[in-house]
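Keep in mind that the numbers below use all heavy atoms, side chains included, and drop hydrogens, waters and symmetry copies. Each chain gets a letter, A, B and so on, in the order its sequence line appears, and its residues count up from 1.
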Protein chains: 2
Amino acid sequence: MLDVAKAAHVSVATVSAMINGSAPVSPELRNRIEQAIGLIGYKRNAIARSLKLGTTRTVGLMVADITNPFFTDVVAVIQDVLHRAGYAVMLCCNDEDVALQDEQIALLIDRSVDGLIIAPAGDDETLKRMIASANLPTVLIDRLCDGIDTDAVVLDNRRAVQDATIYMLGLGHRRIGYISGSLDTSTGRERLAGYRAALEAAGLPCEEDLIRIGNFREKDAYTAALQLLTSPERPTAIFSANNLMVIGVMKAIRDIGLHCPDDVSVASFDDFPWADVFQPHLTTIAQPVQAIGEQAAQLVLDRLSGASPEAPRRLVLQGRLVIRDSCRPVGSLAPRAIA
Amino acid sequence: MLDVAKAAHVSVATVSAMINGSAPVSPELRNRIEQAIGLIGYKRNAIARSLKLGTTRTVGLMVADITNPFFTDVVAVIQDVLHRAGYAVMLCCNDEDVALQDEQIALLIDRSVDGLIIAPAGDDETLKRMIASANLPTVLIDRLCDGIDTDAVVLDNRRAVQDATIYMLGLGHRRIGYISGSLDTSTGRERLAGYRAALEAAGLPCEEDLIRIGNFREKDAYTAALQLLTSPERPTAIFSANNLMVIGVMKAIRDIGLHCPDDVSVASFDDFPWADVFQPHLTTIAQPVQAIGEQAAQLVLDRLSGASPEAPRRLVLQGRLVIRDSCRPVGSLAPRAIA
DNA sequence: TTGTACGCGTTATCAC
DNA sequence: GTGATAACGCGTACAA
């Protein structure tokens, strides 16, 4: 910029004023400066600008696992919206690991991001402290943490699972296995609560043996499902608390020589784009990923522009039960593909 | 840092020397400084550091579509490796759109990333010029661009598709539909070349009518497959040049009232984690995503540390044909799920 | 071993 | 309308 100023025989202040339109500049100088810029190939330095302005126009985005199609979709939407608003996004994954999560958040804050959008793996003290002391516009997505009072957009998990459970109950299932996510997350807890609520409302006891923790990972869910399916009184249906785990559940069913939905009904949280193309067509709870991403991005953007009220805003969206054919009325037997 | 220096009754130089270990500091001062840091809650400012050092410890990562499981996996690996090395990653998607791509790359370069990992949507002049003038460590993944002579890690696309086609040919298929990606990409061209090569080697003519462009998107592929399947002489098999498009193909097959593999065989580029759980079990070409991600990340890291030779390094990995049961010998008819 | 002073590229505030 | 100059926070010669 100094070079440009010299070449155009003006001061750096004038160049800056012109580039940012922060002060009126005479057409003549404006012209000279433009020429000089073209000649030198000058581009303003965002780092120096950040140092001076105290803003990086970058927001940090941390999710549990980018490999999870749900998060993938949400990340895509957020990236898109933020890009339109001129923001870059720094992406991190915590792999459902609290220690790694702390590390990533520290990295993000260290890089001076202007805002944070995170799907926390858990709510340890370090995280709370870092977020509080960073004092950045922050929005929680998917999962809540008590002790972190920021904007958030989440699903009505409880209600969604309750609906799904009621649906399975309505099909006559009485022993419904439940593969849960980590109870360190609000989603893990809320979804399980929905399952319990449905059973209770139906006046049914909740057998603790039917509940297994899968920690949202395929592998854990595989093991859990295997236990469930080999137990003396095998459940007639299984609900998986997310999309990764249902793959594990299906693998377990296959490996044990059973078939869905003939031998065991299956339903799951999170929808798949291919769910109605491949067999069995999975019955799922579809999340409004587009809306989640858009709202989350808008929430940070609002705070960034100072257009938000003081109080944290919490958006609760509704899931949608998509009934396909991985659940059968209990006792019914349909023709099978291969005997 | 000035505050810390004051509180510890030393100079900023000493504080800096201690923090960076760039010069020996006496244990006593070291102690005083540490105390002061804890007291003030000092954290060194990465922006100022970047301005001074000319490095941001951030690399830009651009892929066509984060929603594509292939890219998702690669991104996850890259993010992981780079994080371990202390680098943050800025993520962008070009949505297979050249204009958007230029915008994103400009954004990344403007943010002064230290390196670039990109899966280009196409090779327009602007992109070439930007990359050349940015003069950054750059590695191309998945797709090559002539005119961009940088490090790269790609697949032997031609050979992989050739193998798959030979396999289908071996099953007796003579009319194999081919749903191609954009021919503006090297993958689009190379994969198609593999198909052609296989036909030619078998002494078969290549009917241009059997080749349709799907641009790597599900929707386009759906339309293309529909055309193929309703044509007077319907192909007995279809190959899809990527994972997104095969979903479109399967939807077309379903919507037209046909079944795979009974009525039409299907194979596709890119594997799915659930491919051997849901029916039909898709025959695919699996890419070594882990290796691709690791190598790509290592390539930038090497350049960043100056440990690379001058000449660009090009890594070509091999795909693996995973035969499942979405392809049948032509003419054979197996029992069907529902009559 | 420690302290001083300067430069990195911008922008904002003031004089003119 | 324009120009000089002081920050922003850090690293680092160079001198002590």
Side-chain angles (χ1 to χ4, degrees), chain A residues 1-37 39-58 86 88 107 109-114 133-136, chain B residues 1-37 39-58 86 88 107 109-114 133-136:
Chain A
M1 180 147 134
L2 187 72
D3 298 334
V4 174
K6 272 181 189 155
H9 299 289
V10 295
S11 76
V12 287
T14 312
V15 177
S16 176
M18 193 213 104
I19 292 178
N20 302 313
S22 49
V25 172
S26 72
E28 192 197 326
L29 291 199
R30 164 171 248 100
N31 226 304
R32 288 223 307 269
I33 294 174
E34 268 166 2
Q35 293 220 339
I37 286 180
L39 198 69
I40 312 234
Y42 165 80
K43 289 180 57 183
R44 125 185 124 182
N45 182 317
I47 304 287
R49 192 182 159 80
S50 289
L51 181 59
K52 184 65 185 165
L53 264 9
T55 171
T56 52
R57 293 196 77 79
T58 298
L107 179 101
I109 293 177
D110 177 65
R111 291 292 194 294
S112 306
V113 294
D114 289 345
S133 70
N135 196 26
L136 288 173
Chain B
M1 182 148 132
L2 187 73
D3 298 334
V4 174
K6 271 181 189 155
H9 300 288
V10 296
S11 77
V12 287
T14 313
V15 178
S16 176
M18 193 213 102
I19 292 179
N20 302 314
S22 50
V25 172
S26 70
E28 192 196 324
L29 290 199
R30 164 172 247 98
N31 225 303
R32 289 225 304 270
I33 294 173
E34 269 166 1
Q35 291 220 338
I37 286 180
L39 198 69
I40 313 235
Y42 165 81
K43 291 179 57 182
R44 116 185 132 186
N45 181 319
I47 304 287
R49 193 182 160 80
S50 290
L51 181 59
K52 181 67 185 165
L53 267 3
T55 171
T56 52
R57 294 195 78 77
T58 298
L107 179 102
I109 293 178
D110 178 65
R111 290 292 194 293
S112 304
V113 293
D114 290 344
S133 70
N135 197 26
L136 289 174

Q.
Heavy atoms only, 4.0 Å cut-off, all strands: where does Leu53(A) land among base, sugar-phosphate and nothing?
A. sugar-phosphate

Q) Under 4.0 Å: is that the gap between some side-chain N or O of Ser26(B) and OP1 or OP2 of dT2(C)? A) yes

(Q) By nearest atom, which of the nucleotides dT2(D), dT12(D), dA12(C) is closest to the Ser22(A) side chain? (A) dA12(C)

Q | For atom CE of Met18(A) and atom C1' of dT11(C), their distance in whole Å | A | 15 Å

Q. Rounded to the nearest 0.5 Å, how far apart are CG of Leu2(B) and NZ of Lys6(B)?
A. 4.5 Å

Q) Under a 4.0 Å heavy-atom cut-off, which of residues 28-37 of chain B touch DNA chain C? A) Leu29(B)

Q: Would you tell me if any nitrogen or oxygen in the side chain of Asn45(A) comes within less than 4.0 Å of OP1 or OP2 on dC8(C)?
A: no

Q: Side chain of Met1(A) only, please: which of dT10(C), dG11(D), dT2(D) is the nearest?
A: dT10(C)

Q: Figure out the CG/C1' separation between Leu2(A) and dG7(C), and round it to whole Å.
A: 12 Å

Q. To the nearest 0.5 Å, how far apart are CG in Asp114(B) and OG1 in Thr55(B)?
A. 3.5 Å

Q. Rounded to whole angstroms, how far apart are CD1 on Ile47(A) and P on dC10(D)?
A. 15 Å

Q.
Please report the interatomic distance CE(Met18(B)) to CZ(Arg32(B)), rounded to the nearest 0.5 Å.
A. 12.5 Å

Q. With respect to the side chain of Arg49(A), which nucleotide from dT11(C), dT2(C), dG3(D) is positioned closest?
A. dT11(C)

Q) Would you find a donor on one side and an acceptor on the other, under 3.5 Å apart, between the side chain of Thr58(A) and the backbone of Thr56(A)? A) yes

Q | Distance, nearest 0.5 Å, that separates NZ of Lys43(A) from OG of Ser112(B) | A | 8.5 Å

Q | Touch class at under 4.0 angstrom, heavy-atom based, for Ser16(B) against every strand present | A | base

Q: Rounded off to whole Å, could you give me the CG-to-P distance for the Asp110(B) and dG9(C) pair?
A: 15 Å

**Q.** Shortest side-chain distance from Thr14(B), nucleotide among dT2(C), dG1(D), dG9(C)
**A.** dT2(C)

Q: Find the distance between CG (Asp110(A)) and CG (Asn45(B)) and round it off to the nearest 0.5 Å.
A: 8.5 Å

Q. Tell me: NZ of Lys6(B) to P of dG9(D), nearest whole Å?
A. 12 Å

Q | Quiz item: Lys52(A) side-chain donor-acceptor pair to dA7(D) base, under 3.5 Å | A | yes

Q. Given that Leu51(A) and Val10(B) both sit by DNA chain C, which one's nearest nucleotide is further toward the 5' end?
A. Val10(B)

Q: Would you give the length of the straight line joining atom CZ of Arg111(A) to atom CZ of Arg111(B), rounded to the nearest 0.5 angstrom?
A: 14.5 Å

**Q.** Distance in angstrom units between Lys43(B) NZ and dC10(D) C1', rounded
**A.** 16 Å

**Q.** Val4(B) and its side chain to side chain contact (heavy atoms under 4.5 Å, CB included) partner, picked from Val10(B), Thr14(B), Val12(B), Ile33(B)
**A.** Ile33(B)

Q | Length of the line joining Arg111(A):CZ and dC10(D):P, which is rounded to integer Å | A | 15 Å

Q: State which of dC10(D), dG3(D), dT11(C) makes the closest approach to the side chain of Ala13(A).
A: dG3(D)

